[in-house]
J.: 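Right, I'll just put the structure down here and ask away after.
These numbers were taken from a predicted model, which means no experiment stands behind them.
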Amino acid sequence: MTEQEYRATIGLEIHAQLLTKSKLFCFCSTRFGDPPNTHTCPVCLGFPGSLPALNHQALGYAIRAARALGCRVNGRSRFSRKNYFYPDLPKGYQISQYRLPLAVEGFIEIPVSGASKRVRIHRVHMEEDAGKLVHLAHEGTGTGTAVDLNRAGVPLIEIVSEPDINSPEEAQAYMSELRLVLLHLGVCACNMEEGNLRCDANVSIAPAGSKELGTRTEIKNLNSMRFLRQALEYEIERQEEILREGGKVVLDTLLFDPEKRETRSMRSKEEAHDYRYFPEPDLPPVEVDEVWLREIEENLPELPMKKRERFVRDFGIPAYDADVLTQEPELAAFFEETARLGGDPKAASNWLMTEALREVKESGVALRESKLTPALLAELLKLVAGGAVSGKIAKEIFPEVFRAGTSPRALVEKKGLGQISDEGALRGVVEEVLKEHASVAEEVRGGKEKSFGFLMGQVMKKTRGRANPKSVQKIMREAIGKG
Ligand code: ADP
Ligand code: MG
Ligand code: ZN
């Protein structure tokens, strides 16, 4: 028997928390990290007689995301109750959109091995999040499970893809591009560690060439790109093994164990759920009027894919740079403004990717909160480009510019760090060095190029790095007589 080849099919359901200040159906705060159960009220606790009311801002964000993903927004959609019992769900049901979702039939272009691939979006709908179970194990309380309902009722959108993804790498590319889109739209903080972007991955395999899809399994709650990829790799292999041995994959819901790197069945939850969906009687249908829809569309920002292409095209920077710079909308805007103010684009890109990001890391201060501005960076870049200051010294003063917002020009003047290009002054230093290291100069004459570097270094040392290296080189060659 020859080895059977299989093709994987993957569809992702991504939950993104919308960046509103208050919850989806009440006025409780959505702030993360506060003491447990401090953001609750009768509505999100599900007290009898309390009534939900839709957060208009959340709806606006959901529409913004849906339109950026090219979805058709339904003029009228509806909320339903999804009934199930779980301790983190005080109402006994989750308010979600079911039959009539907010938006359908979109797509996203994702970068896949140098080309782009279109993944269709099946639907985008709104729903509320559940609370969080906290497993306790400390003095006083002993061990046990507690529930924190701060998250209950926080607004989410669920973005469901068509099964157009065919490998773990593509799944990761899809998730990371979708994340960037939401980040650039400003509708989600996209912080996977805080759980405001999570993913359920559906995967099946079928013999290569077969038109029909295999039976899928669904891996729940993947909260990092790496776990998504690892879980899919593991699960595809597991399914292949089953088929190779003549078995059948069974429809199942799985959990990924990142430590053991394996998927496990969640058999604890009932096999086939019957959520007994029915329209939410306490909420009217969601109406989206044309004028509002148009207004949201007109205010859509440039999406990351377009931005990357434009950066390469208009600024002539490498694709790699464009990729890094567009990871954060702020960073991209900073770069563009620096270039607009006359900073050389490639230099601006280098400085942002290395020096600025290093400072961000070392100081723990975000670029936005730092004192560095595009104007200051452009000023520094122009000083270097014009030869007024050496690259080395520019790097030395950069932390002060970043932390204190001091003008680079003023710093250079105050500290006397300006580059020395005056030939007369440099010739004096060169001659001094040659006198002190006459034997080394002799080696250079004998053809030992390494020694030339040593002499250059001595000049730099005497001038505290301020000598213009090009000029020194020229003068030194002449002086040694090998010009
Ligand atoms: P539900 O989870 O409510 O049953 P669907 O059946 O519509 O929803 O599918 C959920 C996700 O599973 C979608 O992203 C879809 O693309 C994907 N999917 C559906 N069938 C398959 C399959 N055979 N293999 C892989 N993914 C699939
Ligand atoms: Mg599902
Ligand atoms: Zn509340």
J.: Report yes or no: is the cationic atom of Arg118 (NZ for Lys, CZ for Arg) under 6.0 Å from the centre of the six-membered ring of Phe107, at an angle within 45° of the ring normal?
T.: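 That pair qualifies as a cation-pi contact.
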J.: Can you check salt bridge (charged side-chain N to carboxylate O under 4.0 Å, His left out) on Glu233 and Arg261, steps first, answer last?
T.: CA-CA 10 Å; Glu233 279 165 359; Arg261 292 211 188 173; over 6 Å; no
J.: Might you point out which heavy atoms bring Gly343 and Leu381 nearest each other, and give the distance in Å?
T.: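 Heavy atoms only, the tightest pair is CA-CD1, 4.1 Å.
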J.: Using a 4.5 Å cut-off on heavy atoms from C-beta on, say whether the side chain of Leu102 contacts that of Gln97.
T.: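 Of all side-chain heavy-atom pairs linking Leu102 with Gln97, at least one is under 4.5 Å.
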J.: Can you confirm whether Pro163 sits close enough to His122 that some side-chain heavy atom of one is under 4.5 Å from a side-chain heavy atom of the other?
T.: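 No, too far: nothing below the 4.5 Å cut-off.
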J.: With a 3.5 Å distance limit and no angle check, can you tell me whether Asp88 reaches the backbone of Leu133 through a side-chain donor-acceptor pair?
T.: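 Checking the backbone N and O of Leu133 against the side chain of Asp88, no donor-acceptor pair under 3.5 Å is found.
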J.: Can you tell me how far the CZ atom of Arg76 sits from the CG atom of Leu100, to the nearest 0.5 Å?
T.: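 Going from the CZ atom of Arg76 to the CG atom of Leu100 covers 9.0 Å.
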J.: So does Glu212 have more than 12 non-hydrogen atoms from other groups sitting under 6.0 Å from CD?
T.: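 No, CD of Glu212 has 12 or fewer neighbouring heavy atoms, counting only those of other groups under 6.0 Å.
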J.: Given the rule in the side chain to side chain contact (heavy atoms under 4.5 Å, CB included) test, do Ile10 and Glu170 qualify, once you have shown the distances and angles that lead to the verdict?
T.: CA-CA 9 Å; Ile10 297 163; Glu170 281 184 21; over 6 Å; no
J.: Could you walk me through whether Glu379 and Lys382 satisfy the salt bridge (charged side-chain N to carboxylate O under 4.0 Å, His left out) test, starting with their C-alpha distance in whole Å, then the side-chain angles of each, then the deciding distance to 0.1 Å, before giving a yes or no?
T.: CA-CA 5 Å; Glu379 184 183 316; Lys382 282 189 262 184; over 6 Å; no
J.: Test salt bridge (charged side-chain N to carboxylate O under 4.0 Å, His left out) on Glu177 and Arg308; report intermediate values, then the result.
T.: CA-CA 12 Å; Glu177 192 63 22; Arg308 284 196 296 264; 3.2 Å; yes
J.: Mind checking whether Tyr275 and Tyr84 have parallel, tilted or perpendicular rings, split at 30° and 60°?
T.: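 Tyr275 and Tyr84: perpendicular rings.
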J.: Sequence neighbours excluded and cut-off under 3.5 Å, please list the side-chain donor-acceptor pairs for residues 15-22, or say none.
T.:
from, atom 1, to, atom 2, distance (Å)
His15, NE2, Glu127, OE2, 3.0
His15, NE2, Glu158, OE1, 3.0
Thr20, OG1, Ser22, O, 2.7
Ser22, OG, Asn55, ND2, 3.4

J.: Could you tell me whether a side-chain N or O of Asn150 sits under 3.5 Å from a main-chain N or O of Pro35, the two making a donor and an acceptor?
T.: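 Yes; at least one donor-acceptor contact below 3.5 Å.
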J.: Sorted by first residue and then second, give each side chain to side chain donor-acceptor pair (under 3.5 Å) pair with at least one member in residues 24-33; sequence neighbours left out.
T.: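 Applying side chain to side chain donor-acceptor pair (under 3.5 Å) to every pair that reaches into residues 24-33, excluding sequence neighbours, yields Arg31-Asp34.
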J.: Within a strict 4.5 Å, meaning less than it, do heavy atoms of the Val360 and Ser370 side chains meet?
T.: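 They are not in contact (no side-chain heavy atoms under 4.5 Å apart), so the answer is no.
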J.: With side chain to side chain contact (heavy atoms under 4.5 Å, CB included) as the criterion, how do Ile317 and Phe335 come out once you've worked through the C-alpha distance, each side chain's angles and the decisive distance to 0.1 Å?
T.: CA-CA 11 Å; Ile317 58 170; Phe335 162 75; 3.9 Å; yes
J.: Does the side chain of Arg238 come within less than 4.5 Å of Glu262's, by heavy atoms?
T.: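 Glu262 does not reach Arg238 side chain to side chain.
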J.: Got a donor-acceptor contact below 3.5 angstrom from the His125 side chain to the Ser77 backbone?
T.: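 Checked: no pair found.
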J.: Any side-chain heavy atom of Val147 within less than 4.5 Å of one from Pro87?
T.: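 Val147 vs Pro87: side chains apart.
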J.: Between Asp164 (side chain only) and Arg120 (backbone N and O only), is there a donor and an acceptor less than 3.5 Å apart?
T.: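 A pair under 3.5 Å: yes.
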J.: Can you tell me if Ser167 and Glu169 form a side-chain donor-acceptor pair at under 3.5 Å?
T.: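 The criterion, which ignores hydrogens and geometry beyond distance, is satisfied for Glu169 and Ser167.
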J.: Which heavy atom of Thr263 sits nearest a heavy atom of Ala231, and at what distance?
T.: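 Closest heavy-atom pair between Thr263 and Ala231: CG2-O, 4.2 Å.
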J.: Which atom pair, heavy atoms only, marks the closest approach of Phe315 to Pro345?
T.: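 That would be O-CB, 3.7 Å.
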J.: Within the structure provided, determine whether Arg198 and Leu156 are in side-chain contact (heavy-atom separation under 4.5 Å).
T.: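 Yes, at least one pair of side-chain atoms sits under 4.5 Å.
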J.: Is it the case that atom NZ in Lys132 sees more than 12 heavy atoms from other parts of the structure closer than 6.0 Å?
T.: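 No.
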J.: Between Glu241 and Arg244, does a salt bridge (charged side-chain N to carboxylate O under 4.0 Å, His left out) hold up when you go through it step by step?
T.: CA-CA 5 Å; Glu241 222 161 90; Arg244 271 202 202 99; over 6 Å; no
J.: Run the side chain to side chain contact (heavy atoms under 4.5 Å, CB included) test against Lys91 and tell me which residues pass, sequence neighbours left out.
T.: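 Only Tyr93, Ile95, Glu128 meet the side chain to side chain contact (heavy atoms under 4.5 Å, CB included) criterion with Lys91.
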J.: Could you please spell out the steps behind the side chain to side chain contact (heavy atoms under 4.5 Å, CB included) verdict for Leu185 and Leu303?
T.: CA-CA 8 Å; Leu185 290 173; Leu303 297 181; 4.2 Å; yes
J.: Is any side-chain N of the basic residue among Glu355 and Arg358 closer than 4.0 Å to the acidic one's carboxylate O?
T.: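 Counted as a salt bridge, because a side-chain N and a carboxylate O are separated by less than 4.0 Å.
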J.: Tell me, please, which residues at least two apart from Lys395 pass side-chain hydrogen bond (donor to acceptor under 3.5 Å, both in side chains).
T.: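 Here no residue qualifies.
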J.: Under the side chain to side chain donor-acceptor pair (under 3.5 Å) rule, what pairs show up with a residue in residues 313-322, not counting sequence neighbours?
T.: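 Output for this query lists Asp321-Lys346, Asp321-Ser349.
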J.: Under a 4.0 Å N-O cut-off, is there an ion pair linking Glu298 with Arg294?
T.: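 The answer is no: the pair does not qualify as a salt bridge.
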J.: Within a 6.0 Å radius of atom CD on Glu237, are there more than 12 heavy atoms belonging to other residues, nucleotides or ligands?
T.: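 No, CD of Glu237 has 12 or fewer neighbouring heavy atoms, counting only those of other groups under 6.0 Å.
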J.: A side-chain contact here means heavy atoms from C-beta on lying under 4.5 Å apart; do Leu293 and Glu297 qualify?
T.: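 When only atoms from C-beta onward are counted, Glu297 and Leu293 do touch, with a gap below 4.5 Å.
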J.: Say you draw a straight line from CD1 of Ile157 to SG of Cys188; how long is it, rounded to the nearest 0.5 Å?
T.: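 The SG atom of Cys188 is 7.5 Å from CD1 of Ile157, to the nearest 0.5 Å.
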J.: I'd like to know if the side chain of Thr338 and the backbone of Ala348 have a donor-acceptor N/O pair within less than 3.5 Å.
T.: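 No; judged by distance alone, with no hydrogens or angles, the pair does not exist.
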J.: For the CZ atom on Phe27, are there more than 12 heavy atoms of other groups (residues, nucleotides or ligands in this structure) within a distance under 6.0 Å?
T.: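 Counting other residues, nucleotides and ligands, CZ of Phe27 stays at 12 neighbours or fewer.
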J.: Regarding Asn83 and Arg276, is there a side-chain donor-to-acceptor distance under 3.5 Å anywhere?
T.: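 Judged by distance alone, the side chains do not pair up.
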J.: If only atom types and distance count, is the side chain of Lys248 paired as donor or acceptor with the main-chain N or O of Ile242 below 3.5 Å?
T.: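 Checking the backbone N and O of Ile242 against the side chain of Lys248, no donor-acceptor pair under 3.5 Å is found.
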J.: Got a sec, which residues hit side-chain hydrogen bond (donor to acceptor under 3.5 Å, both in side chains) with Glu400, two or more places apart in sequence or on another chain?
T.: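 Only Lys415 meet the side-chain hydrogen bond (donor to acceptor under 3.5 Å, both in side chains) criterion with Glu400.
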J.: When rounded to the nearest 0.5 angstrom, what is the spacing between CG in Asn202 and OG1 in Thr9?
T.: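 Taking CG in Asn202 and OG1 in Thr9, the distance rounds to 11.0 Å.
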J.: Please confirm whether the backbone N or O of Ile205 pairs with a side-chain atom of Gln239, one donor and one acceptor, at under 3.5 Å?
T.: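 Present.
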J.: Got a salt bridge between Lys220 and Glu218, using NZ or NE/NH1/NH2 to carboxylate O under 4.0 Å?
T.: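 Salt bridge: yes.
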J.: Does the side chain of Ile110 come within less than 4.5 Å of Ile165's, by heavy atoms?
T.: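 Result no, sub-4.5 Å side-chain heavy-atom pair not found.
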J.: Quick check for you: to the nearest 0.5 Å, what is the distance between Leu254 atom CG and Thr217 atom OG1?
T.: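 So the CG of Leu254 and the OG1 of Thr217 are separated by 4.5 Å.
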J.: How far does OG of Ser176 sit from CD of Gln327, to the nearest 0.5 angstrom?
T.: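 Here the rounded value is 6.5 Å.
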J.: Can you tell me how the ring of Tyr277 sits relative to the ring of Tyr98, calling it parallel under 30°, perpendicular over 60° and tilted otherwise?
T.: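 Parallel, since the angle between the ring planes stays under 30°.
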J.: Measuring from Phe334:CZ to Glu328:CD, what's the distance to the nearest 0.5 Å?
T.: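 Here the interatomic distance stands at 13.0 Å.
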J.: For Leu251 and Arg216: C-alpha separation, side-chain torsions, deciding distance, then whether side chain to side chain contact (heavy atoms under 4.5 Å, CB included) applies.
T.: CA-CA 6 Å; Leu251 191 71; Arg216 72 183 155 115; 4.0 Å; yes
